[in-house]
Amino acid sequence: MALRRALHFVFKVGDRTKTATFYRDVLGMKVLRHEEFEEGCKATCNGPYDGKWSKTMVGFGPEDDHFVAELTYNYGVGEYQLGNDFLGLTLQSSQAVSNAKRLGWPLTEVGEALYLTQAPGGYPFYLVDKEQPPNDPVQKVCLGVSDLQRSTHYWSSLLGMKVVEKNEDKKTVLMGFGDTQCKLELRDISGTVDHGTAFGRIAFSCPREQLPDLEALMKKENQKILTPLVSLDTPGKATVEVVILADPDSHEICFVGDEAFRQLSMVDPRGNELLDKAMAEDKSVEWFAKHNRQKAAA
């Protein structure tokens, strides 16, 4: 499945300003594009919410050849409850480690040249304290699973990922669609996977012609399809087609048609400016305070 590629992980964020500081100033990522929406996404990209929301794509380089983060911000929600589903994103950058130390961002040394830190909202990030590589510094995303054998079968046999490494001591399996791509690590947590309300979504692309076949395969195998093949519009940009699946532990998986997605995901040089403008104009905290209310805790 060399034509399939890992794209991004979706994080729900309650504090957009602190989150922007973490990704831009601590990790050193760039804002690749920023989009505002007046109503909820047909494929629940922003979660099960109907109101105004925004999407900010951040990464170390263009989405064509970098794994990035999609930050979804719902204007009426201030915080989300973490589960044990997302176990961390690992990236290699001594610059990010020094940025965190300089800015006083909490770091815990958890191994040789390896630090654990948290994005706002509590999402774990592992920073490898080595020089940032010329290609994508993002190495892997780790998800918790309740039955490693069952999940490995799903991701490899049904979705076509190649198993790269198995570690029986750590109860992990590392897999990917390509050697140079960000990998997916599954870790057996020996219990039920709890997604909380902060649950994210991992996204991949494939040739558009594969989407109906992928959906048909999941139906045939009695696997969960959260959103059957649907078109998603972004004002002024390319319309993409997606299928949203769920693995045996209900991790959400988006497959998007690659051709249109490459158009949609072109870097917008105004991305940084649009995010800063949206944050400056966001009076939601003041509105809630004025009405003696707090933003919802999802």
Nearest heavy atoms of [X] and [Y], plus distance in Å:
X    : Y    : result
I253 : A246 : CD1-C, 4.4 Å
D188 : S146 : OD1-O, 3.6 Å
G178 : K183 : O-NZ, 3.3 Å
T117 : P106 : OG1-O, 2.8 Å
R24  : V31  : CD-CG2, 3.8 Å
A6   : F204 : CA-CD2, 3.5 Å

Side chains of [X] and [Y], heavy atoms from C-beta outward: is any pair under 4.5 Å?
X    : Y    : result
N84  : V193 : yes
K101 : L107 : yes
L91  : L89  : yes
D85  : D194 : no
V68  : V58  : no
L264 : R33  : yes
Y73  : K52  : no
C182 : V141 : yes

Are [X] and [Y] connected in the hydrophobic side-chain network, where two residues link if heavy atoms are under 4.5 Å apart?
X    : Y    : result
M57  : Y23  : no
L116 : L103 : no
M218 : V230 : no
F9   : V240 : no
V267 : L27  : no

Backbone of [Y] reached by a side-chain donor or acceptor of [X] within 3.5 Å:
X    : Y    : answer
S157 : Y154 : no
K140 : V138 : no
S156 : T152 : yes
W105 : Q118 : yes
E215 : L229 : yes
D15  : T17  : yes
Q139 : T90  : no
N99  : V26  : yes
R16  : A278 : yes

### Query
Ring centroid separation for F60 and F67, is it under 6.0 angstrom?
no

Please report the interatomic distance [atom1]([X]) to [atom2]([Y]), rounded to the nearest 0.5 Å.
X    : Y    : atom1 : atom2 : result
Q263 : T234 : CD    : OG1   : 12.0 Å
S265 : H66  : OG    : NE2   : 12.5 Å
I202 : L245 : CD1   : CG    : 12.5 Å
L232 : C45  : CG    : SG    : 5.5 Å
D147 : H153 : CG    : NE2   : 11.5 Å
L143 : S151 : CG    : OG    : 9.5 Å

### Task
Take Y80 and F199 through the ring pair (Phe, Tyr, Trp, His ring centres under 6.0 Å) test and state the conclusion after the steps.
CA-CA 9 Å; Y80 300 90; F199 63 90; 8.8 Å; no

#### Entry: Test salt bridge (charged side-chain N to carboxylate O under 4.0 Å, His left out) applied to R5 and D258, step by step
CA-CA 9 Å; R5 61 190 179 104; D258 190 72; 2.8 Å; yes

### Task
Could you walk me through whether E63 and R262 pass the salt bridge (charged side-chain N to carboxylate O under 4.0 Å, His left out) test, one step at a time?
CA-CA 8 Å; E63 293 174 70; R262 285 184 186 271; over 6 Å; no

Enumerate donor-acceptor pairs with a distance under 3.5 Å from any side-chain N or O in residues 159-168 to protein atoms, sequence neighbours excluded.
unit_1, atom_1, unit_2, atom_2, d
N167, OD1, D169, N, 3.0
N167, OD1, K170, N, 2.9

Atom pairs and distances, donor-acceptor, side-chain atoms in residues 119-132, under 3.5 Å, two or more places apart:
unit_1, atom_1, unit_2, atom_2, d
Y123, OH, K12, O, 2.6
Q132, OE1, S93, OG, 3.0

### Message
Under 6.0 Å from the ring centre and within 45 degrees of the ring axis: does the NZ or CZ of R4 meet both conditions for the six-membered ring of F255?
### Response
yes

### Query
Taking 4.0 angstrom as the limit, do D25 and K18 come out as a salt bridge?
no

### Task
Could you walk me through whether N46 and T72 pass side-chain hydrogen bond (donor to acceptor under 3.5 Å, both in side chains), step by step?
CA-CA 6 Å; N46 60 315; T72 62; over 6 Å; no

#### Entry: Residues T44, R201; criterion side-chain hydrogen bond (donor to acceptor under 3.5 Å, both in side chains); working and verdict
CA-CA 10 Å; T44 62; R201 174 182 289 175; 3.0 Å; yes

Please check if atom [atom1] in [X] has more than 12 non-hydrogen atoms from other residues, nucleotides or ligands closer than 6.0 Å.
X    : atom1 : value
E221 : CD    : yes
E259 : CD    : yes
K237 : NZ    : yes

### Message
Could you walk me through whether R187 and T172 satisfy the side-chain hydrogen bond (donor to acceptor under 3.5 Å, both in side chains) test, starting with their C-alpha distance in whole Å, then the side-chain angles of each, then the deciding distance to 0.1 Å, before giving a yes or no?
### Response
CA-CA 4 Å; R187 184 187 301 158; T172 60; over 6 Å; no

### Task
Evaluate the salt bridge (charged side-chain N to carboxylate O under 4.0 Å, His left out) criterion for residues E281 and K277: first the C-alpha distance (whole Å), next the side-chain angles of each, then the deciding distance (0.1 Å), finally the verdict.
CA-CA 6 Å; E281 292 175 355; K277 180 173 181 283; 3.2 Å; yes

### Task
Decide yes or no on side-chain contact (heavy atoms from CB on, under 4.5 Å) for Y49 and V77, but give the supporting numbers first.
CA-CA 9 Å; Y49 308 100; V77 184; 4.1 Å; yes

### Task
List the steps, then state whether side-chain contact (heavy atoms from CB on, under 4.5 Å) holds for V10 with H8.
CA-CA 7 Å; V10 181; H8 56 255; 3.9 Å; yes

### Task
Before giving the answer on salt bridge (charged side-chain N to carboxylate O under 4.0 Å, His left out), spell out for R150 and D249 the whole-Å C-alpha distance, their side-chain angles and the decisive distance to 0.1 Å.
CA-CA 10 Å; R150 179 182 65 173; D249 287 298; 3.6 Å; yes

### Parallel, tilted or perpendicular: ring planes of H195 versus H251, cut at 30 and 60 degrees
perpendicular

